[in-house]
Amino acid sequence: MPSIGSTAAAPAQDHAESGVRYGPALTLLASLFFMWGFITVINNTLLPHLRSVFELNYTQTTLIESTWFIAYFVASIPSAKLIEWVGYQKSLVIGLLIMAAGSLGMMLAASIPSYGVTLAMLFTIACGITLLQVAANPYVAVVGKPETASSRLNLVQALNSAGTMLAPLFGAYLILGRSKSGTASADTVLTQAERIADAHSVILPYGIVAVTLVILAVVIGRFPLPAMTSSVSRQSVVGQKHGFWKHPLWQHRNLVLGVPAIFIYLIAEIGVANLFVNFVSRPDIANLTHEQAGNYLTFLWGGMMVGRFVGSAVMQRFDAAKVLALFSVGAFLVMMVTVFAHGPLAMWSLILVGLCHSIMFPTIFTLGIKGLGPLTEEASGLLVMAIAGGALVVVQGWIADNYGLQNSFLLTALCELYVLFYALWGSKPTHALPDQHAQGEQA
């Protein structure tokens, strides 16, 4: 396994002696969490838009998001090697520039317009986000005190949720609000000219995104980020002499079961978000236009942001696994209401799952690396790769095409049950090692 976040650094120093203040660095890194959350959720308004432009069925529509999350599986290991080769800070800059290039490519795809080029450019953007995820998630988890890792990661993930909350407003106004498919009723059939005009509405928002990413890349490149110390880098290679199946990582139940927990949770989160607009637009649910439904999507992601802020505070006093179990039960119940209810009740129950999903990713992540000690970075890499589970949202798209959109949310409910299993039993550490935390100096 390649190490995650290992960079060449000066000799380790005592944290107190080095005088490093991580607050400014974590604040800047929080902006990265915000941006990749923002860009990821633009897809939630982009997908119903592309469905109309290219006349796609639900399987083809969710394939767009599957392509996005396949990038996490494909790019995680190369991202780790890049971090080892050029260092942590340069890798962040490269990741942002890759995302900017993909955003410019989306402008080209909209100009043609081309479904194939759209898939390729979204894959490119996701590869850039993967590089940021591979570096930033374990960095936030190991920098500072180990006992505050879960609360710290929930806090920065709340900034990620702030991006996801604002993105639907951005997408609804600049994509759906400026297109015929976004402002017409759900059953409106577009002419060829209208579809081409709708495709062009994507050019402006992705141009804004590209410029923002380039500016952020310049800021990150010039900022004096604290560097991981050589002692932390050396810890990441512990156990590499072992064979794959004898690797020490496999002795830790919380990691072995945590990887599928992340994978399965992403199926639930992405499925809900991607099909939200189409679901609540139905006449038997809320009978909204796509633009109006996109505005309600803000409540889904807003609930996730609020839940993470609250969860960060709650987990200072209560066991993280028990809090995760409670939230997973809540998620299962509201999804069952979504499946069997109709009208506004079904819409609001689907919105409430955002609150229930809020703490799941950061809490599973920190429970998965708990007690991993010097194996923390390698374990983090596996957990980031598991984000590829979002690619299986295409399965929900197939269920929606063949058994009905509302029935497809039964898959989401099953995912919540695995998270409950992980919280109650799978997250309990085995063969726990002493906690490690990063120290650093000015890069």
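Using a 4.5 Å cut-off on side-chain heavy atoms (C-beta onward), L383 and V259 make contact. For the pair L96/L32, a side-chain contact is recorded, criterion being any heavy-atom separation below 4.5 Å from C-beta on. Looking only at side-chain heavy atoms (C-beta outward), V337 and W348 stay at 4.5 Å or farther from each other. Counting heavy atoms from C-beta outward, I125 and W68 have side chains that approach closer than 4.5 Å. The side-chain heavy atoms of K370 and T366, taken from C-beta on, include no pair separated by under 4.5 Å. In this structure, T67 and L122 have side chains that are not in contact, with every pair of non-hydrogen atoms separated by 4.5 Å or more. Two residues are said to be in side-chain contact when any heavy atoms from C-beta on lie closer than 4.5 Å; W398 and V394 fail this criterion. Within the 4.5 Å cutoff, the side chain of V384 has heavy atoms near those of the F365 side chain.
Between the CD atom of Q60 and the CG atom of D401 there is a distance of 8.5 Å, given to the nearest 0.5 Å. Atoms CG and CG, on L420 and L326 in that order, are 10.0 Å from each other to the nearest 0.5 Å. Atom CG in L119 sits 6.0 Å away from atom CG in L63 (nearest 0.5 Å). Between the OG atom in S79 and the CD1 atom in I129 there is a gap of 11.5 Å [rounded to 0.5 Å]. A distance of 10.0 Å separates CD of E269 from CD1 of I262, quoted to the nearest 0.5 Å. Atom CG of residue L255 and atom CD1 of residue I369 lie 9.5 Å apart, to the nearest 0.5 angstrom.
When each of I39, L166, N160 is paired with F34, the side chain to side chain contact (heavy atoms under 4.5 Å, CB included) condition holds for L166 and for no other. When each of N278, V280, I285 is paired with R282, the side chain to side chain contact (heavy atoms under 4.5 Å, CB included) condition holds for I285 and for no other. Exactly one residue among T124, L132, V209 makes a side chain to side chain contact (heavy atoms under 4.5 Å, CB included) with M99. That residue is L132.
Take F327 and apply the ring pair (Phe, Tyr, Trp, His ring centres under 6.0 Å) test, not counting sequence neighbours, and it matches no residue.
Across all non-hydrogen atoms, the minimal contact from I399 to S408 is CG2-CA, 3.6 Å. Heavy atoms only, all atoms of each residue included: T430 and Q251 are closest at OG1-O, 2.9 Å. Residues A321 and L367 share a closest heavy-atom pair of CA-CD1, 4.1 Å. Q396 and G271 get closest at one heavy-atom pair: OE1-CA, 3.3 Å. Residues T363 and I359 share a closest heavy-atom pair of OG1-O, 2.6 Å. Closest heavy-atom contact between S358 and G303: CB-O, 4.2 Å.
Aromatic pair F279/F409: ring centres closer than 6.0 Å. The six-membered or imidazole ring of W425 lies away from that of Y422, with a centre-to-centre distance of 6.0 Å or more.
For E416 (side chain) and H357 (main-chain N/O), no donor-acceptor pair under 3.5 Å exists by modelled atom type.
The 12-atom threshold is not exceeded at OH of Y296, counting heavy atoms of other residues, nucleotides or ligands nearer than 6.0 Å. Other residues, nucleotides and ligands contribute only 12 or fewer heavy atoms inside 6.0 Å of the CZ atom of F73.
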Inset, instruction - Let me see the working for V310 and L355 under side chain to side chain contact (heavy atoms under 4.5 Å, CB included), right down to the final yes or no. - result: CA-CA 10 Å; V310 172; L355 179 63; over 6 Å; no

Inset, instruction - Please report the C-alpha distance between L324 and V419 in whole Å, then the side-chain angles of each, then the deciding distance to 0.1 Å, and finally whether the side chain to side chain contact (heavy atoms under 4.5 Å, CB included) criterion is met. - result: CA-CA 8 Å; L324 179 62; V419 176; 3.9 Å; yes

Legend entry - Worked check of side chain to side chain contact (heavy atoms under 4.5 Å, CB included) between L249 and L372: CA-CA 8 Å; L249 286 171; L372 270 292; 3.9 Å; yes

Inset, instruction - Output, in order, the C-alpha distance, side-chain angles, deciding distance and verdict of side chain to side chain contact (heavy atoms under 4.5 Å, CB included) for L333 and V329. - result: CA-CA 6 Å; L333 293 176; V329 170; 4.2 Å; yes

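Residues S349 and T338 bring a donor and an acceptor atom of their side chains to less than 3.5 Å of each other.
Relative orientation of the F69 and Y72 rings is parallel, given thresholds of 30° and 60° on the angle between their planes. Ring geometry for W36 against F33 counts as tilted: the plane angle lies between 30° and 60°, on a 0 to 90° scale.
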